[in-house]
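These numbers come from the heavy atoms of this one structure, side chains and all, not from hydrogens, waters or symmetry mates. As the structure lists them, so they are numbered: ligands from 1, and atoms in each ligand from 1.
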Amino acid sequence: MIKKAFWGVSAPLIHYEMLPVHLPQTEKIPAPGHITLLHPKNDDLSVPSAWGIGDAVKTGEKLSLYPDQNDYVISPVTGKISSLSPYIGNYAKSYTAISIQPGGSEIIDDTFQKQMNSPTLELLCDYLKSAPGNPPLSLLADSNGRIKTIVIRGLDPDPMVATSQYIAQSRMKELEGGIRILKEVSGVQDIILITAGESVQGYGHIGARVKNVKAIYPAALPHMVMKDVLGQVVPAGKTCQDLGVCFFTAEAVISIGSAFASGQIPTSKLLTFIQKDGTPHMVETDIGTPIGDILEAFNETVNEFDRIILGGPMTGSAVYALENPVQPDTDSIIVVDRDKAAYVSDYPCINCGECVRICPAKIQVNMLVRFLEANQYEAAADSYDLYSCIECGLCSYVCVSKIPIFQYIKLAKYELERAKTPEAADA
Ligand code: SF4
Ligand code: SF4
């Protein structure tokens with residue numbers, strides 16, 4: 001257990017806190033009473049589900065509700081499916097929640113093991129897309145060779161979160177194995193591991209170039225890494241992939257290394273858990289564990305108006321039900337006391353200019369916010385650089401009127417994307 005906080009926040013600079021040389025121990029959460037896996041929903045309701053209530057599942061078994069859709073989740077336990085129900089995630093994304101009741105003697109599914117002797121990108125896409133860290137394998141496969149560089153995050157993009165840093169420092173052997181497999185299946189030979197501060201020491205030859213970034217937020221966000229490490233500015237409306245660069249978390253690479261070393265698809269998630277009093281823990285738990293089980297393991301209580309944040313303090317989002325499950329990309333859970341929670345207001349912008357001064361993308365945020373508040377998203381994109389925003393959240397952090405600018409920006413981008421879908425065009 002870490003006795004003191006491993007982060008520090010000081011305005012106006014927000015520092016990434018570096019882990020101590022002697023890493024804290026991980027704390028394992030007891031096996032949960034049930035597991036909930038979020039499977040992307042099929043929009044075509046006439047397609048029947050390939051799995052039903054009462055079906056037996058093995059540990060490590062691939063559950064694909066609609067096999068022609070290529071989506072799947074991996075069961076971390078042996079047991080039976082106890083329910084299939086609709087679930088609405090962030091920004092109204094639809095899932096089917098698969099609940100599994102663990103039970104009986106553990107049976108390990110060996111389908112992956114039988115095929116792992118000849119690794120291919122297709123095999124990785126077939127089995128490791130929902131492994132811990134959510135490896136962006138489809139993106140790599142769909143790029144048609146456009147990806148020339150893979151960047152591995154050995155530093156978490158948000159302050160206070162130390163999951164990637166911890167994994168990169170504690171599991172180098174699996175990291176090296178994952179890098180070797182990634183190179184072999186993708187043909188991408190330029191792999192960069194991003195670290196910060198002194199942690200650049202000690203990596204030896206892991207098959208990647210090790211690059212340091214400043215331990216000051218937002219240096220580890222992808223757009224900043226592109227600029228500061230690769231010397232490329234991502235143009236507005238373009239992505240890092242458009243410039244031939246794909247980002248993996250250290251955990252995603254380790255999932256690949258560990259799958260091929262053990263023959264089993266990993267299902268155990270590492271995450272930073274921060275209690276209301278600020279005590280941080282490095283927690284290991286099954287994907288699908290209800291957040292409430294983690295809180296219970298640390299005797300943490302949540303009172304009215306306290307907040308539970310998934311992700312970091314700058315870019316994370318609040319959840320309101322303890323039943324929410326840990327997902328492959330849940331890198332942190334932060335419980336915030338109601339008295340310390342950042343509040344938002346409906347005060348008007350006073351044109352102080354703080355947001356403009358701090359914005360790393362040099363956006364006229366004070367103007368942008370006026371269009372966002374009026375739901376004029378297209379004008380915000382056309383005239384006020386909405387798509388230049390790198391989603392760091394610094395504008396919200398400094399805003400004296402407590403306008404939730406970052407949330408407005410995310411919503412605007414989501415609505416503009418949604419407007420491009422066929423359903424929106426037909427509406
Ligand atoms: S979130 Fe705010 S501060 Fe950050 S890039 Fe976007 S507009 Fe600028
Ligand atoms: S920081 Fe807030 S109040 Fe100040 S100019 Fe920006 S949006 Fe307006």
Quick check on contacts: which atoms of ligand 1 are under 4.0 angstrom from a heavy atom of Ile409?
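Near Ile409, meaning under 4.0 Å from one of its heavy atoms, ligand 1 has 7 (S).
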Within a distance under 4.0 Å of any heavy atom of Gly393, pick out the atoms of ligand 1 and give their elements.
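Answer for ligand 1: 1 (S), 4 (Fe).
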Taking [atom] as the reference point, the nearest protein heavy atom with its distance:
atom: atom 6 (Fe) of ligand 1; answer: Cys389 SG, 2.3 Å
atom: atom 8 (Fe) of ligand 1; answer: Cys359 SG, 2.3 Å
atom: atom 5 (S) of ligand 1; answer: Ile390 N, 3.4 Å
atom: atom 4 (Fe) of ligand 1; answer: Cys392 SG, 2.3 Å

So, [X] and [Y]: side-chain donor and acceptor under 3.5 Å apart, yes or no?
X: His34; Y: Glu323; value: yes
X: Ser99; Y: Ser82; value: no
X: Tyr166; Y: Asp156; value: no

With a 4.0 Å cut-off on heavy atoms, does Ile358 reach ligand 1?
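Contact absent.
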Who passes side chain to side chain contact (heavy atoms under 4.5 Å, CB included) against Glu391, sequence neighbours left out?
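In terms of side chain to side chain contact (heavy atoms under 4.5 Å, CB included), with neighbours along the sequence ignored, Glu391 is linked to Cys389, Phe406, Lys410, Lys413.
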Can you name the side chain to side chain contact (heavy atoms under 4.5 Å, CB included) partners of Ser401, sequence neighbours left out?
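For Ser401, the residues satisfying side chain to side chain contact (heavy atoms under 4.5 Å, CB included) (neighbours in sequence not counted) are Tyr347, Ile350, Cys399, Ile403.
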With a 6.0 Å cut-off on ring centres, are Tyr377 and Tyr408 close enough?
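Not close enough - the centres of the two rings lie 6.0 Å or further apart.
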Heavy-atom distances under 4.0 Å decide this one: backbone, side chain, both or neither, for Leu368 against ligand 1?
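Neither; no heavy atom under 4.0 Å.
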Pairwise distance CG(Leu137) to SG(Cys125) - rounded to 0.5 angstrom:
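Between atom CG of Leu137 and atom SG of Cys125 there are 5.0 Å.
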Under a 4.0 Å N-O cut-off, is there an ion pair linking Asp71 with Lys41?
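Between Lys41 and Asp71 there is no salt bridge, as every charged N stays at least 4.0 Å from the carboxylate O atoms.
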Is Lys269 paired with Asp329 through a side-chain N to carboxylate O contact shorter than 4.0 Å?
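Between Lys269 and Asp329 there is no salt bridge, as every charged N stays at least 4.0 Å from the carboxylate O atoms.
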With a cut-off of 2.8 Å, which protein N/O/S atoms are close to atom 6 (Fe) of ligand 2, if we only count those under it?
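Those protein N, O or S atoms (cut-off: under 2.8 Å from atom 6 (Fe) of ligand 2) are Cys355 SG.
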Any pair with a residue in residues 348-367 that passes side-chain hydrogen bond (donor to acceptor under 3.5 Å, both in side chains), sequence neighbours left out, goes on the list, sorted by first then second residue, please.
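As it turns out, the side-chain hydrogen bond (donor to acceptor under 3.5 Å, both in side chains) pairs with a partner in residues 348-367, which skip direct neighbours, are Asn351-Asn366, Glu354-Arg357.
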